[in-house]
Amino acid sequence: MRSKPLLSHSPLWFPTVPAIIASVLLPAALAHAQSQEQAKQATPAPATFAEDIAQRRTSAANPVKPEPPLEVTALKVWGRTDRFVHFEKEVEMTRGNMRLTADKATYRFLEDEAEAEGQVSLTRNGDCYDGDRVRVQLERSTGFVENPVYRLVRNHAQGQAKRIDFLDEERSVVHQGTYSTCQGVSPDWYLKTETLQLDTGLDTGTASRSVLYFKDTPILVAPSITFPLSSARHSGFLPPVTGATSKGGVEFGLPYYWNIAPNRDVTLYPKIISRRGLQLGAEARYLGEQYRGESTLEGIVGDRQTSTNRYALTSLHEQYLMPDLKLSWNLNMASDDNYPTDFSNSITKTSVRLLPRDLQLSYGGSFWNASFQASGYQVLQDVNAPITRPYDRLPQLQLHAEQLDVGGFDMSVDTMLTRFWHPDLVRGDRAVVAANLSLPFVRSGYFIKPAISVHATNYHLVNPSEKQDADAHRIVPIFSLDSGLVFERDTRLFGRDFTQTLEPRLYYVNIPYRDQSRLPNFDSAPADFNFAQIFTENRFVGQDRIGDANQVTTALVSRYLESDGSERLKLAVGQRFYFNHQRVTLDNTPSPSRSDLLLAATGRWSSTLSGDLAFQLSQSNRRAIQTSYSVQWQPEAKKVLNLGYRFQRDSLEQVDISGQWPLADRLYGVGRLNYSLMDKRIVDGIAGLEYKADCWSLRFVAQRFATSSTTSNTGFALQLELTGLARLGVGGNPLESLKRNIAGYQSVSER
C-alpha cells in the first residue's frame, strides 16, 4: 500500500497535505490515540492497515487464494487498535471490484464491515449506487444502501429506491423503487414496484406488486412480473396478448414461457376468443446433439359457432438413432376443413389446405443410402375451390448408390418400391430401377458429358380401370450429351473493372417413344418450364411418365464478376428445339417444333439496387406466357423498397409492392400490397407505422389476407416494445408478420 510521511501528529486526527494520501495506521499512532497504559498492553499489529486486513482475510480463507487487500484514502483518520478505523473527508475505499466513496466511513475489523454516509457512491461489479448511507460486509458482499439512485451496467438500467439490500454478489432486493432502461431523471417508462429482486447469476428480475408507467401514465398493473436482465430466455408469464379479427372477434391471451433447460422449452398460450370460447395451446421445442424438434397442439372445447370440439396439431422431429441411422417425422392434422380459416391470425398464421404426414427412417453408407418412408395427406377442402387429394405412400422404399470417377466414369443406381393408396382412385404397387453411366470431360475452358441410362418400371394394380392393365411394365433407354464452353475477358461496367464470361451450352437428349396410355398416373405432372428444367432429361416430374425426346437445348450465359469472384450481373437466354413431335402427353396438347424462349437477368447493379427478371415468350404467337420481375432498393439500414410483378397467362397476374421507409425523425412507415389484377382483389395487404425512441418502440400494423377463394380475414396489432423489459400490445406479434412480408425489413429497435 502506498503511503506518504505524516506532517503533523495528534491523538484524534491526522491532517495531511492537500493531495489525498493512502491511510497507514501505525501502531504508535493508534497507541497515541489511546492511553499510555492501553498502548503498553496492546498486541503488536502489522506494519500497515492494509497488511492487517490481508492477514485476517488470509487466515479465514484459503491461504493460496487470499482476499484482495482493502485500500483506503482520506483526509482524516482515527480509530482503535483491532476494533475500528474512522475516515472523514474525501473517503475512498477499494477492494477487488468494489469501490466506495463518501464523506464519512468506518471500517470494523472483527465484522470485516464498512459503513459510510454523506454523498455515498458504491460500485459493485460495475453497478453503481448513490445514496445517503451504506453498510457492506466485504467478505460475503452483503449489506444495504439507503435512498439510492442506481445504475446497472449489464442492461443499462437505472432507478431509485427507498432501500436496496445486497444478499450476495449476484442477488439484491430493491424496496419501494423504480426500474427503467431509459436514461435521464425523467424516463419515458418505468416500473414502480413494492419489491424488485435482481439476480445477475440467473439473469432475472422479479417485480412484486408492480405498476408499469408510460409517459407517467399507468398502463399495466401486475402482482408479479418476471423479466430477463439481458436477451437470455427465462421462465415466466409473457405479456398479455389481445386483439381482434373479423372471424373470431376480440381475443385475449396470457402466454406462459417455461425455460426447462438451455435446450428445451414450452410455451403455454391460453386464449379467450369472444365469439368462440376458450382456446388452449402449447408449443414445445427441444434440441440435443442427436435430436431436435418442435410440436404445437391447440384446440377449443365447444366452439360457440359450430358447437363442436376443434383442434390442430403440428409435430416435427429429427433424431440420429445411430451415427448413420436417422429417424424423422412431419405430422400435421386438424379437426375439420375450416379450422385454418376460422383460427388463422393476421399476424402469426396463414391458411393452409394440404396437411402432410410423413414418417421416415434413413441410413447412409459410404457410397449408398437407403430410406423407408410412409406418407399421407389430410386435405382441408374449400367447396368453392376443391383440390385433388394426392396419393398416400404406404410405404416407400428407396435405395441410391453412386460412385464417381471409377476409371473416369460416374455411375449411379436408384431403386424405388412404392405402394400407392387413394380412397377413390386406382391403387397399386410400383417398382422403379434407374441406372446411369456417364463419362465427363471437364477442363478449364470447356466440358463434355455423354451419358446413357435405363429407366425400368413395373406396376401391379389392385383395382385397374378398363383402360388399364393389372400388371404392366416399361423399359426406356435414355441418351444425353451435355457440353459447354467458357470464355473470359476484362471489361468495364458501371465505371468499374469486371471479368466478363461468355458461356454457350448445348444439351442433347434422345428418348425413344413408349406407349404409356394404359399406365396409371400416381405422381407425374408436367414440369415447370425454366432454366433448371430445360437441362433435364424428362419433361415430366414423377416416375409414371417418361417423355419421348429427340431434342437439343441451347443456352447462352454471360456473367460479370468482381475481382473477388462475386457475381455482379448474370444474363441468360435459352431455348429447346424438337426434331420429332412429342407423343407422350398428359393433356393431349399439340407438340411444338421448338419451345418457348427463356430470358433471365439477375444482378446487383450497385450497393443499393438489385433485381431479377425472367420471361417466357411463346414462339408460336409471340406472346408472353410467364413473366416475373422484382427490384429492391435499399440505400441504408431500415430503408428498403421492393417492387414485383408476376404474370402467368390465363391464370395469374399480380403486382407486389412493399417497403420500410422513414417518414419523419424516428417515425417509419411499413407496408405491403399484393394485388391480383385478374381478380381485382387484395390477396395480401399490410400497412403500419413504427416509432423508435431511445428506450422504447411503438408499432401499429393492420393486415388483410385471403383465407379461401372467396373469404378474407382482417386484423390489427398494436405493440409497445420496452427495451430490456417486454413487448406489450394487442393482436399478437407484428414483428413476425413484417419480417415475413417485407423483404429486407429490419426492426427499428435493432441497433
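All values derive from a computational prediction rather than experimental measurement.
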Original post:
Counting heavy atoms not belonging to D497, are there more than 12 under 6.0 Å from its CG?
Top reply: yes

Side chains of [X] and [Y], donor plus acceptor under 3.5 Å:
X: Q516; Y: R545; result: no
X: Q551; Y: Y507; result: no
X: S697; Y: E721; result: no
X: S558; Y: E503; result: no
X: D684; Y: Q703; result: yes
X: W329; Y: S315; result: yes

Subject >> Sole candidate of E567, R492, R568, Q500 that passes side chain to side chain donor-acceptor pair (under 3.5 Å) when paired with Y560 >> reply: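 The residue from E567, R492, R568, Q500 that satisfies side chain to side chain donor-acceptor pair (under 3.5 Å) with Y560 turns out to be Q500.
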
[X] side-chain N/O to [Y] backbone N/O, donor-acceptor pair under 3.5 Å:
X: T536; Y: Q533; value: yes
X: D656; Y: G644; value: no
X: N332; Y: P356; value: yes
X: D548; Y: V584; value: yes
X: S595; Y: R576; value: yes
X: T501; Y: R559; value: yes
X: Q398; Y: T415; value: no
X: Q634; Y: G744; value: yes

Subject >> Plane angle bin for Y508 and F579 - parallel if under 30°, tilted between 30 and 60°, otherwise perpendicular >> reply: tilted

Original post:
Which of parallel (below 30°), tilted (30 to 60°) and perpendicular (above 60°) describes F420 and Y391?
Top reply: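 Plane angle over 60°, so perpendicular.
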
Original post:
Which residue pairs pass the ring-ring contact (aromatic ring centres under 6.0 Å, His included) test with at least one member in residues 642-688, sequence neighbours excluded?
Top reply: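 Passing the test, one end in residues 642-688: Y629-Y645, W633-W661.
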
Original post:
Taking it one step at a time, do V379 and L354 satisfy side-chain contact (heavy atoms from CB on, under 4.5 Å)?
Top reply: CA-CA 5 Å; V379 180; L354 196 61; 3.7 Å; yes

**OP:** Output, in order, the C-alpha distance, side-chain angles, deciding distance and verdict of salt bridge (charged side-chain N to carboxylate O under 4.0 Å, His left out) for D544 and R430.
**Re:** CA-CA 9 Å; D544 292 312; R430 185 187 69 192; 3.0 Å; yes

Original post:
Can R393 and D523 be counted as an ion pair, charged N to O under 4.0 angstrom?
Top reply: yes

Original post:
Should D482 and R505 be marked as a salt bridge (charged side-chain N to carboxylate O under 4.0 Å, His left out) after you check the CA-CA gap, both sets of side-chain angles, and the distance that decides it?
Top reply: CA-CA 8 Å; D482 197 1; R505 184 177 178 182; 2.6 Å; yes

**OP:** With sequence neighbours left out, write down each residue that passes side chain to side chain contact (heavy atoms under 4.5 Å, CB included) with F487, or none if nothing qualifies.
**Re:** L485, L502, P504

Original post:
Yes or no on side-chain hydrogen bond (donor to acceptor under 3.5 Å, both in side chains) for E294 and H317, after CA distance, side-chain angles and deciding distance?
Top reply: CA-CA 7 Å; E294 58 182 278; H317 178 82; over 6 Å; no

